[in-house]
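The next block holds one structure in the form of structure tokens; read it before the comments.
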Number of protein chains: 2
Amino acid sequence: MKRAVDQPPPLGTTVTVDDENAVDGPLHDQVYRRLRHALVTGRIVPGRAVTLRGLAQSLGVSPMPVREAIRRVSAEGGLEVGANRRVWVPAMDGERFDELIRARILLEPEAAVRALPHIDRERLERLRDIDDSIDVALERGDVEAYMAGNHRFHFEIYAANPSRVLVPLIESLWLQFGPFMRSVYGRLGTVALVDHHVDALDAIIAHDADALARAIRADIMEGMELIATSVLTVPAAADLPEDRRRA
Amino acid sequence: MKRAVDQPPPLGTTVTVDDENAVDGPLHDQVYRRLRHALVTGRIVPGRAVTLRGLAQSLGVSPMPVREAIRRVSAEGGLEVGANRRVWVPAMDGERFDELIRARILLEPEAAVRALPHIDRERLERLRDIDDSIDVALERGDVEAYMAGNHRFHFEIYAANPSRVLVPLIESLWLQFGPFMRSVYGRLGTVALVDHHVDALDAIIAHDADALARAIRADIMEGMELIATSVLTVPAAADLPEDRRRA
DNA sequence: TCTCGGGAAATGTGATCACATTCTGCTGGA
DNA sequence: TCCAGCAGAATGTGATCACATTTCCCGAGA
């Protein structure tokens, strides 16, 4: 096995995206949610090919709803369709990572500040519960549970704002980050991860918009530095095979 | 006819989204591009319902590729699917407008600055041509041509950066703005529109990143003030019928 | 050991059909 | 004049099939 790291496995390999929740609504919606959750928690590695029939069989549904779910996720940047119309999880490179981080820093503090007045007591309680579950995940070294909790924490804040403008944009960014972050955590383990959400919680309780923006920003910067100090060599995007170009 | 402004017409009314270019690639891709162009140039009014079979018939294709195109556009925020799974062009309200403008101001100057080093002589020439066509459109009072040119101008800049992170985010914002701006221009005419792209062109020629960011920002702010000073009363989102809630 | 074909398998695309749900418009009654 | 109710039309969803293209796999040849 001489395959390089993060090189895609042979096509047609089954991809498991099982997810307990999300069992109502149209089938394509359920497939969409399960696929998205699998990406956000990094259950699918970058470069992995996703096929219609393969994913359909792995989920026990017909190819039809999978088609719509894949189209939807790829429109959000979570999957990439090639010139040969084949779909895979996009690979990460330095430039893309930098822009993703920049977009997160621009959008997420803004979204948090705009959501702040909408955060009521119950939501704050849920945020505390999520934060606790993150601590548990970190103690147990459960990377996947940590990533799921981290995602839920951030969007439990942003989604307090009923407007659906900033949230979908930020969701798109997380969708693109998930698989890569997982591969990073996989090399580092959870020991390097720290829970920085207490500052955000304090700012919410104090109704301090500036402090909340700073806490969110610090949380993002921290994750970025974790990458910078650990994975100095990011795979170059130049040496992709011809058929892996974007459509 | 007692229907209020921007109220959706009866379902099933055909929507024309003809577009000259874009005739290669998969059918669902062509439908996607034509649908998107129709939205960006404001050819479809907010509140207008979009049906599978209706759009398919109006484009002369089967409902299948339309289904994927609609799913893709709605994932980008250009269409909204209701709890009854029906699709329409989202209506605008004050909060949404504010967040869209804010996101544009955060993302577009950044995208322009990152694209600046990639703008070569040929692209600059294309930008000049586009700017000329905008002037022609303004003189002729052709709103649709103005909107198409304005879109092409901005993305001819942003897309110089080969990375596909910021551009899709900004595309999503324009997709949501298009129908609303058209209805605004429809009331004002093109006399209120000014071409502010010369500052951007000068900044590009001078390789001045700060000046470019300022020019883009000013262009966005200008459009916003045009709305603020003209359409003070934006339709309230509260009085939407039950079935028009987001899914 | 490596390279080049060639047949088989797998892929995405599009069309068509069936079905449950929802909307529309008319009719009846008060 | 208004409103409830019903029948018919229209809608989105999902399944299945056919087809062109691409990819994979294995063996022949150097």
Side-chain angles (χ1 to χ4, degrees), chain A residues 2-3 7-15 23-33 35 47-75 79-88 240-247, chain B residues 2-3 7-15 23-33 35 47-75 79-88 240-247:
Chain A
K2 280 191 169 339
R3 213 192 310 274
Q7 196 77 6
L11 300 179
T13 315
T14 49
V15 177
V23 285
D24 53 328
L27 262 184
H28 67 80
D29 224 274
Q30 302 178 31
V31 174
Y32 163 76
R33 286 199 295 267
L35 182 56
R48 161 75 67 154
V50 175
T51 67
L52 251 68
R53 292 172 176 84
L55 186 57
Q57 188 172 0
S58 118
L59 293 178
V61 300
S62 91
M64 181 60 80
V66 176
R67 211 194 293 198
E68 305 198 44
I70 285 182
R71 195 70 63 195
R72 195 170 161 191
V73 172
S74 65
L79 292 172
E80 197 169 351
V81 302
N84 52 359
R85 302 168 186 181
R86 207 138 292 187
V87 179
W88 67 88
L240 282 178
E242 175 69 25
D243 57 337
R244 282 302 179 87
R245 301 288 165 78
R246 279 186 289 263
Chain B
K2 280 193 171 334
R3 213 193 306 277
Q7 197 77 5
L11 300 179
T13 315
T14 49
V15 177
V23 286
D24 54 327
L27 262 184
H28 67 80
D29 224 273
Q30 301 178 32
V31 174
Y32 164 76
R33 287 199 294 268
L35 182 56
R48 160 76 66 153
V50 175
T51 66
L52 251 67
R53 291 172 177 84
L55 186 56
Q57 188 173 1
S58 117
L59 293 178
V61 300
S62 92
M64 180 60 79
V66 175
R67 211 194 294 196
E68 305 198 45
I70 286 182
R71 194 71 63 194
R72 195 171 161 191
V73 172
S74 65
L79 292 171
E80 196 169 352
V81 302
N84 52 359
R85 302 168 186 181
R86 207 140 291 188
V87 179
W88 66 86
L240 282 178
E242 174 70 24
D243 56 336
R244 281 302 179 87
R245 301 289 164 76
R246 277 186 290 264

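Just the heavy atoms: all of them, side chains too, but no hydrogens, waters or symmetry mates, feed the values below.
- Sorted by first and then second residue, the salt bridge (Lys or Arg N to Asp or Glu O under 4.0 Å) pairs involving residues 54-69 of chain A (not counting sequence neighbours) are A:R67-B:E68, A:E68-B:R67, A:E68-B:R71.
- Shortest non-hydrogen contact noted between A:Q30 and A:D24 is CG-O, 3.5 Å.
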Yes or no on side-chain contact (heavy atoms from CB on, under 4.5 Å) for B:R48 and B:W88, after CA distance, side-chain angles and deciding distance? CA-CA 5 Å; B:R48 160 76 66 153; B:W88 66 86; over 6 Å; no

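- Separation of atoms CD1 (B:I70) and CG (B:L52) is listed at 4.5 Å; rounding is to 0.5 Å.
- Taking CD from B:Q57 and CG from B:L59, the interatomic distance works out to 10.5 Å, rounded to the nearest 0.5 Å.
- In this model, the phosphate group of D:dT11 is not approached by any side-chain N or O of B:N84 to a distance below 4.0 Å at OP1 or OP2.
- A:R85 and B:D29 are not joined by a salt bridge, as no carboxylate oxygen comes within less than 4.0 angstrom of a charged side-chain nitrogen.
- For the pair B:L52 CG and C:dT22 P, the computed distance is 17 Å after rounding to whole Å.
- B:Q57 has its CD atom 13 Å from the P atom of D:dG12, to the nearest Å.
- Taking atom CZ of residue B:R71 and atom C1' of nucleotide C:dT13, one finds them 17 Å apart after rounding to whole Å.
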Review item, nucleotides 14-21 of chain C N/O atoms under 3.5 Å of protein N/O:
| unit_1 | atom_1 | unit_2 | atom_2 | d |
| --- | --- | --- | --- | --- |
| C:dG14 | OP1 | B:L27 | N | 2.1 |
| C:dG14 | OP2 | B:H28 | N | 3.3 |
| C:dG14 | N7 | A:R67 | NH1 | 2.9 |
| C:dG14 | N7 | A:R67 | NH2 | 3.4 |
| C:dG14 | O6 | A:R67 | NH2 | 3.1 |
| C:dA15 | OP2 | B:S62 | OG | 2.1 |
| C:dA15 | O5' | B:S62 | OG | 3.4 |

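- The interatomic distance linking B:D24 (CG) with C:dT13 (P) rounds to 14 Å, in whole Å.
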